[in-house]
Structures are given as structure tokens and as C-alpha cells.
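Presented below is the structure to which this report refers.
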Amino acid sequence: MESGMISVDKWSSGSQAYFLTHLHADHTVGLSSKWRRGLLYCSRITAKLFSCKFPGFDLSFLRVLDIGRWYSLSLTTPSSGSSTDIYVKAIDAQHCPGSVMYLFRGKFGCKLYTGDFRWEKSGNRVENARSMLLDAIKNEKLDVLYLDNTYCNPTYIFPSREAAAKQIVDIITSHPNHDIIIGIDSLGKEDLLLYISRTLNIKIWVWPERLQIMHLLGFHENFTTKTSLTRVRAVPRYSFSIETLEGLNMLQPTIGIMPSGLPWVSPKKKECSNDISGSAITNHNEYIFVVPYSDHSCFSEIQEFIELIRPINIRGIVSSSSCHIDPCYYLDHLCGTKQACWRIQRQHEIEEVTNSVEADEKQESESECIVSSTGVGRKRRLDQVDFFGIPVSRVSLLRRLSRGVKIANTEYISL
DNA sequence: GCGATCAGCT
DNA sequence: CACAGCTGATCGC
């Protein structure tokens with residue numbers, strides 16, 4: 001892309017259009033209720049939750065992108081000042097409520113920004129997302145994949161969230177006379193709590209702000225703020241400690257369950273693990289159970305994702321001090337023009353398309369896998385896409401009506 | 001006093 | 001060490 005006009009999960013500099021993948025705090029640094037910089041595109045669920053996170057935010061800056069639909073933005077090319085169309089589609093990222101990845105197409109080619117995502121092997125949602133993704137890129141190379149590389153290392157092995165949820169229910173049912181507290185964040189893990197609630201036919205206590213989120217998400221029956229109605233409580237993760245559990249146990253037998261995104265099998269400690277599936281429940285002390293429930297993809301899921309879409313380049317969007325070797329190192333062999341063409345060819349065979357295809361080889365030179373630099377800071381950092389641009393002259397939204405290349409006009413979308 | 005940023009903690 | 005996110009200190013306005 002020519003030096004761009006779009007920012008994804010980056011809010012500090014001037015762009016013509018801003019895209020938000022999801023509402024977790026590390027993706028909204030720089031975003032505030034006083035936002036005035038430009039239009040902000042997000043999913044419908046994210047828009048619904050927006051005022052909880054940013055009270056007083058001027059909602060006229062929000063634009064909803066429905067999942068699976070092509071939209072067109074007419075932006076200005078900074079260098080020439082001429083108008084150029086950019087097409088974008090949001091696809092379910094299965095990370096937390098409202099989370100999406102963004103697929104961009106334009107003169108710059110085809111680029112996918114995953115945001116944080118989980119790509120489990122099976123399930124309705126992943127199958128839906130898979131067909132959406134393949135349908136969107138089937139006839140083109142994917143030039144750049146901006147990848148959630150949080151666990152992009154073969155040592156990161158953990159079970160599906162469904163399997164982890166079953167482990168958690170087993171822990172609860174094996175402690176029939178205990179109170180249960182589960183550590184969660186302000187957004188995410190709703191599917192886990194719903195699974196517990198439905199399987200055990202009990203309500204789950206949440207704090208008042210969290211109940212509001214649950215209601216906005218449409219979950220009215222399974223949650224309560226009345227302590228007396230249930231022995232299972234979901235509490236803010238930062239309030240969850242050994243001291244808390246010890247204090248609670250002076251009043252009532254209580255266990256804590258931490259559905260944790262921590263790297264249970266870290267590279268340095270792998271030799272200490274005797275559980276090859278990565279599904280072990282860690283019993284930190286007599287009160288606390290840590291269960292490997294992750295909203296990020298494990299390594300094999302990342303690998304499967306890359307083999308599915310066969311990008312020419314990969315850039316990690318997460319860098320951290322622990323990555324002495326960039327994790328994308330492990331996936332280098334899955335990148336490149338030949339692989340991209342192979343995907344296109346396979347897709348055509350599958351669909352029995354008779355038309356011949358001339359693969360675009362203009363970007364042949366970019367055959368090596370480009371990866372993000374490893375950070376030196378202590379904190380996890382996002383290497384966001386930041387295409388510096390000039391103020392927007394005109395941003396119109398059009399909807400793609402046909403499955404072909406033609407893009408047709410449609411209505412403006414406003415909240 | 002407010003917002004942005006960062007260190008520290010879990 | 002690492003996640004994601006809160007708290008509190010500090011800095012600039």
C-alpha cells in the first residue's frame with residue numbers, strides 16, 4: 001500500500017479511517033471519551049459496548065461494519081491527492097464479544113489484520129469464519145497477514161475452550177459443598193460462564209458493571225448480583241489472590257478457579273512439564289485451580305490458519321521481551337508467493353472453476369517472511385498498522401453486492 | 001485538576 | 001518470563 005490512510009487499533013496519529021478490532025484495554029490505548037480525530041469503524045457488538053468503556057464518547061464518530069459484508073471507503077491518496085477506494089470486510093475473530101479481524105483490499109493488494117483471535121479446530125463459529133475468509137480472498141493473493149502471534153511458538157499447546165470449560169465444570173461438581181470464585185476480566189470468557197450456568201443449571205454472580213455488560217450482550221437469565229442466589233461467583237481477576245481465598249475460607253469453604261491465558265508451558269519450563277497435551281490443571285495451592293482457557297490461538301491453530309490462507313508475508317502484531325527468536329520464525333516456510341499461488345490453485349480445484357486464472361506476480365520480490373521486531377520492553381506491545389494520512393475529504397460507505405469484482409453503491413451506515 | 005504515561009502487581 | 005488489566009505515582013498542561 002502506498003503510505004496509508006488507515007490505522008488499526010492505533011489511535012495516536014492522523015489517519016483518514018480508524019478500525020478497532022475489540023474493546024480490550026491494550027487495543028484502545030490512546031482512545032478516550034474525547035475522541036475527535038476521525039471516524040471509527042468496529043463491529044456491531046463492539047459499538048453496543050462502547051459507551052460502557054468510554055462514557056460520553058460521541059457516538060456520531062462510530063460506524064458499524066456488519067460481519068461478512070464488504071464495505072468500501074473512498075479515501076485520499078496522500079501523495080497525489082487523488083481519490084482511491086479501499087474495501088474492507090470484518091470477520092469473527094472469536095477472541096471476545098465483538099472481536100473481529102479486518103480484511104482490506106485496494107490498490108495496495110490484500111491485507112488481513114487478525115487482531116487478537118482464536119482459531120479452534122471445529123465449531124460453528126470457526127467454520128463460518130473459515131468460509132467467509134476463503135470466500136473473501138479466494139481469487140487473490142493475501143499480500144500481508146498481520147498476525148496475533150501471542151502464542152506463535154510450538155511449545156504453546158493447550159486445549160480448546162470447550163474442553164477447558166468441561167474441566168472447570170468437573171472441578172465445580174467435585175466440590176459440591178464449596179463456594180466457587182472464578183477470575184475474569186471486564187470483557188471475555190462469557191461463553192465459559194454460560195456453559196457453567198447451563199450445565200449446572202445455576203446462576204452466576206457477577207459485579208454490577210459486569211451484569212450491565214451481560215445484559216447488553218443479551219444474557220439476561222444466567223447472571224445475578226444477588227450473592228444469596230448462587231455459590232458460583234465471577235470476580236475481577238485483579239481481586240483474585242491467595243490472600244483473598246484464604247480470607248474467604250475463614251468464612252466458608254471456597255475454591256478459586258483461574259481460567260488463565262498465561263503460558264502454562266513456557267519455552268524455558270517445557271522440560272518440567274509431564275503433560276504433552278498441555279491440558280493439565282495446575283493446582284497452585286489448596287484453594288486455587290488454574291485451567292488453560294485461552295482466548296488466543298495455540299501454535300497448531302496459528303499454523304492451521306496460515307496454511308489455510310497462505311499469505312505472502314507475515315507480520316506479528318505482538319512483540320514481547322521473552323521472544324528471543326521471533327515466533328514467526330517457525331512459520332516462515334509457510335509464506336511466499338508460491339505458497340499463495342498454491343492456495344489459489346487449490347481453491348479453484350475445489351470449486352471446479354473452469355476459467356483460467358493469471359496469478360498476479362507483480363509482488364514476486366516480497367517472497368521472504370517479514371516479521372515484527374522483538375521488543376525490549378517489559379510489557380506486551382502491539383505493533384499496530386499505522387498508515388499516516390491526511391484528513392479525510394470524503395468517506396462514503398458502499399456495499400459490495402455481487403461476488404465478483406464489481407462494487408455497487410449502497411446507503412451510508414450510521415448508528 | 002485532568003489526562004497521558006509508566007512502573008508494579010497479579 | 002509470559003496474559004490482560006487494574007492501581008497508583010509522576011509528568012505536563
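By convention in this document, chain letters (A, B, ...) are assigned in the order of the sequence lines, proteins followed by strands, and residues within each chain are numbered from 1.
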Below 3.5 Å between N/O atoms, which protein atoms pair up with nucleotides 7-11 of chain C? Just atom names and distances, please.
none

What N/O pairs connect the protein and nucleotides 3-6 of chain B at under 3.5 Å? Give each pair on its own line.
unit_1 : atom_1 : unit_2  : atom_2 : d
B:dG3  : OP1    : A:Lys34 : NZ     : 3.1

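Applying the salt bridge (Lys or Arg N to Asp or Glu O under 4.0 Å) test to residues at least two apart or on different chains, none of the pairs has a partner in residues 71-84 of chain A.
Every residue meeting the salt bridge (Lys or Arg N to Asp or Glu O under 4.0 Å) condition with A:Glu162, not counting sequence neighbours, appears here in chain and number order: A:Lys166. Every residue two or more places apart in sequence or in another chain that forms a ring-ring contact (aromatic ring centres under 6.0 Å, His included) with A:Phe54 is listed here: A:Phe50. Under the rule for a side chain to side chain donor-acceptor pair (under 3.5 Å), A:Thr230 has no partner lying at least two apart in sequence or in another chain. With sequence neighbours excluded, the residues that form a salt bridge (Lys or Arg N to Asp or Glu O under 4.0 Å) with A:Glu190 are A:Arg210. Partners of A:Trp205 under the ring-ring contact (aromatic ring centres under 6.0 Å, His included) rule, at least two apart in sequence or in another chain, do not exist in this structure.
Between A:Ser186 and C:dC6 there is a side-chain N or O to OP1 or OP2 distance below 4.0 Å.
What separates CG of A:Leu187 from P of C:dC3 is a distance of 19 Å, to the nearest Å. Atoms CD1 (A:Ile181) and C1' (B:dT10) sit 13 Å apart, rounded to a whole Å. The CG atom of A:Asp26 sits 10 Å away from the P atom of C:dC3 (whole-angstrom rounding). Rounded to whole Å, atom C1' of C:dC6 lies 14 Å from atom CD1 of A:Ile184. The nearest whole Å value for the distance from the CG atom in A:Leu23 to the P atom in C:dC6 is 12 Å. With rounding to whole Å, A:Glu209 atom CD is found 16 Å from C:dG5 atom P. Computed from coordinates, the A:Arg237 CZ to C:dC6 P distance equals 9 Å when rounded to whole Å. If you take CZ of A:Phe240 and P of C:dC3, they are 20 Å apart, rounded to a whole angstrom.
Inter-residue side-chain proximity for A:Phe61 and A:Arg37 is flagged as unmet; no heavy-atom pair is nearer than 4.5 Å.
Using bins of under 30°, 30° to 60° and over 60° for the plane-to-plane angle, the ring pair A:Phe117/A:Phe305 lands in the tilted bin.
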For residues 172-181 of chain A, run the donor-acceptor check on the side chains, cut-off 3.5 Å, and write out each pair with its distance to 0.1 Å, sequence neighbours left out.
unit_1   : atom_1 : unit_2   : atom_2 : d
A:Thr173 : OG1    : A:Val169 : O      : 3.1
A:Thr173 : OG1    : A:Asp170 : O      : 3.1
A:Ser174 : OG     : A:Asp170 : O      : 3.0
A:Ser174 : OG     : A:Ile171 : O      : 2.9
A:His175 : ND1    : A:Ile171 : O      : 2.8

